[in-house]
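The basis for the numbers below is simple: all heavy atoms, side chains too, and nothing from hydrogens, waters or symmetry mates. Chain A is the first sequence line, chain B the second, and so forth, proteins listed ahead of strands; every chain is numbered from 1.
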Number of protein chains: 2
Amino acid sequence: MKEHKKLPSAVIKRMPRYYRYLTTLQQMGISRISSRDLGNRMGVTASQVRHDFFSFGASGLQGYGYDVDLLRQEIRDIFGLDDLFSVIIIGAGNLGHALAKYSGFEKNGYKIAAIFDVKPEIIGERINDIEIIHLDKLQEYVQDNHVDIAALTVPEIRVLEVAKLVTDNGIKALWNFSPIELLASDDIVVENIQMIDSLMVLGYNLRTAEAKLNPN
Amino acid sequence: MKEHKKLPSAVIKRMPRYYRYLTTLQQMGISRISSRDLGNRMGVTASQVRHDFFSFGASGLQGYGYDVDLLRQEIRDIFGLDDLFSVIIIGAGNLGHALAKYSGFEKNGYKIAAIFDVKPEIIGERINDIEIIHLDKLQEYVQDNHVDIAALTVPEIRVLEVAKLVTDNGIKALWNFSPIELLASDDIVVENIQMIDSLMVLGYNLRTAEAKLNPN
DNA sequence: TAGATTGTTAATCGATTAACAATC
DNA sequence: TAGATTGTTAATCGATTAACAATC
């Protein structure tokens, strides 16, 4: 694998967006794209596109643009998408179900391997061919199966104990959907999906936009 | 309402976090907090806390700290949380169900008013006392009821047509959960929840952390 | 008063944009 | 060759951190 310098965090956060747009272009049968055209589609400047691609070792061609397939594959390499991360879901409620049923993860390099819950009546069921296993069997499971990431879709009051259980069993990445924010440590990486934060920003922007149209 | 200058977008995005931490402090019965203590809990510098609070007109007291209730209320004012935004959910799948069942939105100033879907067999059902209405009735509904925000939890292939339907009916804020990104316009504000982006960043950070522990 | 902590400006750092030579 | 577009540095802009006087 090619060595990459440590990328600025602003670039890392933008790369999944580039990846999504490149995937769409590929599906549309478009094989090359200029920084200007891509920037227009995404609502960013051409300069930023080139600067970002340069920062991870671009594969463009002067006077031509970027090769969509090649560039997309470079992002796949950087994010390790061809290595197929193994993800388990803790909590088989509606949100856990929604994640398990969504086929987009598998397509992009993340395999949902199992779902854990504690409700006896659903243990053994399958969602999208993924088995629901009792949380008591987690230790056993991680001994027999490699697990990269745990998605936490448990009720708010359970999330701290579940996070402890999961990390005590050697899992080093938490994808947390509860409104209780988990903090990363030296050893554990965390992504919090804080839906309420996003909703608050949306509401703020709505009020700001309305105030601009309708000053009083 | 107090007038606020236009806030830097970095500050706006951090404010929901402050708000969550202040709410937790309030629930713990803590009535005042220093920038240092709050920063430590959140993993940010005290300087940034003070700078941020200053930028929206802080309410601290030298030698004392910030009044938790007062500060929290100021954030509520800025985000309009006491005005109760009205939110409708389009798409009563698992994700729509999960949103409808989550009580945290209502508690924080966002009322889920109705859920729309097209599956005849679920029309009229109630989730968490919120009625499922046929999408054909949307126009009628928005004429009779004020709607601020539409949460889009429809299948990927439907999201563009649904976004058009919703905005054609005068709704100006879209909270989009599909992997098809919607772009904001002059008239329409958008928040995209791109779960796959968050997962990719998590996977990247996991690999980077592992590479640091285990260089080879 | 002495100690603590904010309010606020200045300094630094990082991210974005502009510019244009290089080159396909 | 002429036109297009990247690669790359420099300039600008915005965000973060440091510093310390003000003051509770």
Subject >> Under-4.0 Å side-chain N/O to phosphate OP1/OP2 contact, A:T45 with C:dT17 >> reply: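 Yes, because at least one side-chain N or O of A:T45 sits under 4.0 Å from OP1 or OP2 of C:dT17.
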
query: Is any side-chain nitrogen or oxygen of A:Y66 closer than 4.0 Å to OP1 or OP2 of D:dA4?
result: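 No.
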
Side chain of [X] - closest among [options]:
X     : options                : answer
B:L61 : D:dA15, D:dC24, D:dT6  : D:dC24
B:S9  : D:dA15, C:dA15, C:dT16 : D:dA15
A:Q48 : C:dT16, C:dA15, C:dT5  : C:dT16
A:R50 : C:dT17, C:dA19, D:dA15 : C:dA19
B:A10 : D:dA15, C:dT16, D:dG7  : D:dA15

Could you state the [atom1]-[atom2] distance from [X] to [N], rounded to the nearest angstrom?
X     : N      : atom1 : atom2 : result
B:D37 : C:dA4  : CG    : C1'   : 13 Å
B:Q62 : C:dT8  : CD    : P     : 8 Å
A:R14 : C:dA15 : CZ    : P     : 9 Å
B:F56 : C:dT8  : CZ    : P     : 14 Å
B:D52 : C:dT9  : CG    : C1'   : 16 Å
A:D67 : D:dG7  : CG    : P     : 12 Å
B:H51 : C:dA10 : NE2   : P     : 11 Å

Task: Atom CG of A:D186 with >12 non-hydrogen neighbours under 6.0 angstrom - done: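 It does not: A:D186 CG has 12 such atoms or fewer within range.
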
| message | If you define the side chain from C-beta out and look only at heavy atoms, does anything of B:E191 sit under 4.5 Å from B:L174? | response |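 No. Closest side-chain heavy atoms not under 4.5 Å.
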
Would you confirm whether A:N128, through its side chain, and A:A100, through its main-chain N or O, come within 3.5 Å as a donor-acceptor pair?
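Yes.
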
On DNA chain D, does the nearest nucleotide to B:P8 precede the nearest nucleotide to B:S47 from the 5' side, or the other way round? Give the residue.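 Taking each residue's closest nucleotide, the earlier one in sequence belongs to B:P8.
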
| message | Using heavy-atom distances to pick each residue's nearest nucleotide on DNA chain C, tell me which of B:F54 and B:R32 is more 5'. | response |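 This one resolves to B:R32.
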
For A:V11 and B:G65, find the nucleotide of DNA chain C closest to each by heavy atoms; which residue's nucleotide sits nearer the 5' end?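 First, find each residue's nearest nucleotide; the 5'-ward one identifies B:G65.
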
### Task
Measure across A:P179 and B:Y102 and return the closest heavy-atom pair with its distance rounded to 0.1 Å.
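The answer is CG-OH, 3.1 Å.
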
Taking the ring of B:F79 and the ring of B:Y19, is the distance between their centroids below 6.0 Å?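 B:Y19 vs B:F79: aromatic centres not under 6.0 Å.
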
**Study point:** For D:dA4, the Watson-Crick or wobble partner whose two distances fall under 3.5 Å
**Key:**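 Because both required distances fall under 3.5 Å, D:dA4 counts as paired with C:dT23.
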
>> Which nucleotide, if any, forms a Watson-Crick or G-U wobble pair with D:dT9, using both distances under 3.5 Å?
In response: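 Because both required distances fall under 3.5 Å, D:dT9 counts as paired with C:dA18.
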
